[in-house]
Each structure stands twice: as structure tokens, then as C-alpha cells.
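Here the structure is laid out as C-alpha cells; the discussion comes afterwards.
Quick caveat, the model's predicted, so the values are computed rather than measured.
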Amino acid sequence: MLDIALRNVSFTYPKGRFTLRVNDLLFAKSTHTAIAGPPGCGASTLLKLIAGELRPDSGDVIAGARVLNAIKPARRPFLVVSSALDVPQRWSVQHALIAAVRTRTLDRIDRHHEYELAISKWGLGDALERRVGTLSTSEQMQLHLARIELLKPGVLIADRLLANANSATRDALADELYRTLRVMGATVISAPSSRDELALTDQIVVLDGGNVVQSGSAADVFANPVNEAAALATGAVNAVPVTIRGSLVASPIGEWEVEEPSFEGDGVALARPDDFAVAVAGEESDFVFSIEEAGFHEGRWLARGFLSGSLSLRVALPRGTNVHKGRLLPLRYDPKRFRLLPR
């Protein structure tokens with residue numbers, strides 16, 4: 001297995017419409033790193049530079065001790081995958097699996113054993129004789145993941161691999177695949193298709209506007225985001241505009257004091273939906289929230305409403321809350337849970 005590193009890498013698309021800059025970034029061998037950030041942050045560009053689909057304007061892409069800049073994508077020691085199953089539609093499922101396992105130097109008995117295990121693990125027993133083009137989206141994803149396992153990559157570069165997976169099964173598929181790759185000792189670099197996949201990684205690298213703004217474990221980035229992009233990368237967050245004068249913080253949801261403010265002037269308070277609570281009868285509220293829309297997720301309501309004209313606020317509400325459009329709810333919050341960042 002190999003360490004992958006980027007050293008002083010920069011890349012600019014034609015007409016200067018986007019530039020990616022990475023000074024020093026290491027993907028340690030046998031670990032899983034996720035590249036996350038807002039849309040257009042540069043995650044796919046970064047993966048393409050590693051894979052060789054794009055060539056950096058400056059700097060080096062290194063695998064182990066070898067500089068890869070001049071090496072063609074097909075000769076790089078990586079398996080590069082996206083959500084698309086890259087096999088002919090006329091092939092049978094059996095053909096696609098056998099073609100994958102035959103790329104490895106195994107004797108006949110071991111090859112057959114791994115083939116049978118993959119069929120069982122990914123639930124493909126009833127589809128072996130069917131053509132790939134007749135499979136449902138879910139079945140194609142199962143075949144895709146089975147082939148990845150049979151190919152047994154030393155380094156896997158995955159760009160939104162599970163984007164086509166059913167939302168009800170995506171988490172289970174991700175857990176099974178990445179657990180299998182961890183046992184293999186594979187180095188995984190991925191742009192995840194959902195935030196839930198971040199919990200399965202060792203490291204998150206957050207990009208914002210083509211620059212690395214933060215890296216660390218999912219828990220570290222969630223608890224201590226350095227900016228709004230980093231906070232959004234690990235889950236839903238409200239960016240509430242604030243103005244700090246002395247020790248007083250003023251915002252559309254109220255005012256509070258901080259002992260040692262980290263900046264003076266305009267900024268944002270990053271508040272998770274769970275940072276708000278419904279005020280009980282007789283309890284003073286901090287502000288009134290008007291529900292515009294809501295959905296039920298993981299045993300609770302996630303409601304959205306507007307304050308001060310254009311400020312959109314997302315709030316987590318208990319499952320027993322009577323939720324409907326236009327309902328007013330008195331809310332409380334603990335400002336110590338908010339993270340204050342300058343604009």
C-alpha cells in the first residue's frame with residue numbers, strides 16, 4: 001500500500017474560471033480520507049489530479065517515493081471509480097464478476113472462493129445470468145461494489161461512488177464496502193455522496209474555493225469548524241449574521257454577551273439545528289420561529305423558517321411536536337454552543 005501526497009500543486013481551468021491550490025497534503029497508506037466542501041469546492045478536480053485525468057500546472061503528485069505527473073492514468077497504481085458501472089451493458093453479471101477476479105494473480109481455487117463470497121455478500125446470486133443493461137439501479141450498484149472488492153485495489157479513488165444508491169440502503173452499502181477495504185488495507189481517497197459517509201473515514205479534508213481550509217477527523221471538524229464551508233461539510237448548519245461590539249453580540253435571533261470575543265465587527269454565529277429547543281409553558285423564549293416547511297428525519301422533525309426577511313433558519317424539533325406551515329414556536333438557545341467566526 002502507498003502514501004499519496006500532493007506537494008505545492010496548483011491547477012487552473014481554461015480562462016481562469018477556477019483554480020485549485022494545495023500546498024502540502026498527505027493521504028496516509030491504509031487510511032480513508034474524504035474530500036468535502038460546498039458545491040464547486042474543487043473535490044472532483046483534486047481527485048482527477050491524483051488519478052491523472054488532469055495534470056497540475058505546478059507541483060507534484062507523489063505515490064510512495066515516485067512522482068506521477070508524467071505517468072498516464074492507466075499506468076498509475078490506482079483504481080478510479082465513480083457512480084457509473086464501467087462494464088459493457090451486454091455482459092452478464094457473471095461475466096462482469098469473473099472479469100474482475102481474473103485481473104488478479106490467484107490460483108483457480110482461490111479465485112473461485114473469492115468469486116462465490118462476493119456473490120453472497122452483495123446479494124447477486126439470482127442475477128448471475130442477467131445482462132448488466134437489464135439490472136435496476138440498485139442491482140447495478142451491488143455489482144459495482146462487488147467488482148471493487150474482487151479487484152482488491154491498493155489505492156481507491158472514488159468520486160461520489162454511492163450517488164446512485166437508494167437512500168434507504170446507502171448507509172449499509174457504504175459501511176460494508178469501506179469496512180471491507182479497511183480490512184484489505186486499501187488507501188481510500190473519496191468525495192462522498194452523502195455526509196453520513198464521513199463517519200466511516202479517518203480524515204476529512206475540507207476545500208473551499210479550491211483551497212484546503214481544514215483537515216482532521218469528522219468529530220474534530222464538526223466540533224470546531226474554521227469557517228462556514230467546513231461547518232456545512234459535516235452537516236446542516238445555520239449561519240446567523242452577527243455584529244460584535246465589545247462583549248455584546250447582536251443578531252436577528254437576539255443579543256448575548258461573551259467574555260472574550262475572538263473578533264470585533266461583523267461575522268456569523270454557526271448554529272446547528274440541535275442547538276435550539278422549544279420553550280416550555282411559562283418559560284421565557286429567546287425568539288419566535290415560524291415554520292415554513294418540515295420533514296421527518298431520524299426520529300425528529302427538521303423544520304425550516306425565515307427570520308428578518310431573508311434569514312433562513314433550520315431547527316430540530318422533537319418527534320411529538322405539532323408541525324405545520326405557519327405555526328409559531330417560541331424557541332430558546334444556549335449561545336455558548338454557537339461558534340463565532342468573522343466574515
Side-chain angles (χ1 to χ4, degrees), residues 36-38 195-196 198-199 204 206 208 213-323 325-343:
R195 294 190 184 103
D196 294 334
L198 298 178
I204 299 174
V206 181
D208 186 16
V213 296
Q214 189 170 4
S215 64
S217 69
D220 288 341
V221 177
F222 186 94
N224 301 295
V226 298
N227 65 6
E228 186 177 343
L232 285 168
T234 54
V237 67
N238 299 290
V240 181
V242 298
T243 301
I244 300 180
R245 296 285 183 266
S247 61
L248 183 66
V249 180
S251 79
I253 62 174
E255 297 182 344
W256 63 89
E257 290 191 354
V258 291
E259 293 183 0
E260 297 181 1
S262 57
F263 66 93
E264 179 94 0
D266 294 333
V268 293
L270 300 180
R272 303 284 181 181
D274 291 317
D275 291 340
F276 301 96
V278 180
V280 299
E283 184 179 29
E284 184 177 349
S285 65
D286 292 310
F287 68 98
V288 175
F289 176 72
S290 175
I291 298 174
E292 289 293 324
E293 59 183 20
F296 202 68
H297 180 67
E298 295 183 351
R300 61 180 183 171
W301 291 102
L302 284 178
R304 188 169 72 93
F306 290 95
L307 297 175
S308 300
S310 60
L311 175 61
S312 176
L313 200 65
R314 285 165 288 187
V315 174
L317 302 172
R319 63 186 305 160
T321 306
N322 180 15
V323 172
K325 182 179 174 63
R327 187 181 180 197
L328 301 178
L329 290 174
L331 297 185
R332 291 190 59 79
Y333 58 82
D334 179 1
K336 293 179 181 178
R337 300 182 63 173
F338 298 166
R339 186 168 179 81
L340 297 172
L341 297 173
R343 276 293 189 188

Where the side chain of Trp301 meets the backbone of Arg319, is there a donor-acceptor pair that is under 3.5 Å apart?
-> yes
Go through the steps for Asp286 and Leu331 under the test side chain to side chain contact (heavy atoms under 4.5 Å, CB included), then give the verdict.
-> CA-CA 6 Å; Asp286 292 310; Leu331 297 185; over 6 Å; no
Rounded to the nearest 0.5 angstrom, the CD-CG distance for Glu255 and Leu248 is 4.5 Å
Side chain Ser251, main chain Ile253, donor-acceptor under 3.5 Å = yes
Which pair of non-hydrogen atoms, one from Gln214 and one from Val226, has the smallest distance, and what is that distance?
-> OE1-N, 3.0 Å
In this structure, CD of Glu260 is separated from OG of Ser247 (nearest 0.5 Å) by 11.0 Å
Using 4.0 Å as the upper bound for N to carboxylate O, is an ion pair formed by Arg337 and Asp274?
-> no
Hits for salt bridge (Lys or Arg N to Asp or Glu O under 4.0 Å) against Arg304, two or more places apart or cross-chain, chain-then-number order -> Glu293
Backbone N or O of Val278 within a donor-acceptor pair of the Arg332 side chain at under 3.5 Å?
-> no
Report yes if the side chains of Val249 and Trp256 come closer than 4.5 Å at any heavy-atom pair, otherwise no.
-> yes
Might you point out which heavy atoms bring Ala294 and Val323 nearest each other, and give the distance in Å?
-> CB-CG1, 3.4 Å
N/O donor-acceptor pair under 3.5 Å between Arg314 side chain and Gly305 backbone = no
Looking only at heavy atoms, which two atoms of Ala236 and Pro273 are closest? And how far apart?
-> O-CD, 3.4 Å
Does atom CD of Glu283 have more than 12 heavy-atom neighbours from other groups under 6.0 Å away?
-> yes
Thinking salt bridges, do Arg343 and Asp266 make one under a 4.0 Å N-O criterion?
-> no
Nearest non-hydrogen partners of Ala279 and Ser285, listed with the distance = CB-CB, 4.1 Å
Please name the pair of heavy atoms, one in Pro342 and one in Phe263, separated by the smallest distance, quoted to 0.1 Å.
-> N-CE2, 3.5 Å
For the residue pair Ile244 and Leu340, what are the closest heavy atoms and their distance?
-> CD1-CD1, 4.1 Å
Calculate, to the nearest 0.5 Å, the distance between atoms OG and CG belonging to Ser215 and Asp220 respectively.
-> 9.5 Å
Is a side-chain N or O of Asn238 found less than 3.5 angstrom from the main chain of Ala271, in a donor-acceptor match?
-> yes
Would you confirm whether the ring centroid of Phe289 sits within less than 6.0 angstrom of the ring centroid of Phe276?
-> no
Count the heavy atoms of every other residue, nucleotide or ligand shown that sit under 6.0 Å from CZ of Arg245, and state whether that count exceeds 12.
-> yes
Leu270 side, atom CG; Phe338 side, atom CZ - distance, nearest 0.5 Å | 10.0 Å
Check the pair Val206, Val221 against side chain to side chain contact (heavy atoms under 4.5 Å, CB included), reporting the backbone distance first and the verdict last.
-> CA-CA 9 Å; Val206 181; Val221 177; 4.1 Å; yes
Is it true that the side chains of Arg272 and Thr234 contain a donor and an acceptor less than 3.5 Å apart?
-> yes
Does the pair Glu228/Arg339 count as a salt bridge with the N-to-O cut at 4.0 Å?
-> no
Step by step, work out the side chain to side chain contact (heavy atoms under 4.5 Å, CB included) result for Leu317 and Leu329.
-> CA-CA 10 Å; Leu317 302 172; Leu329 290 174; 3.7 Å; yes
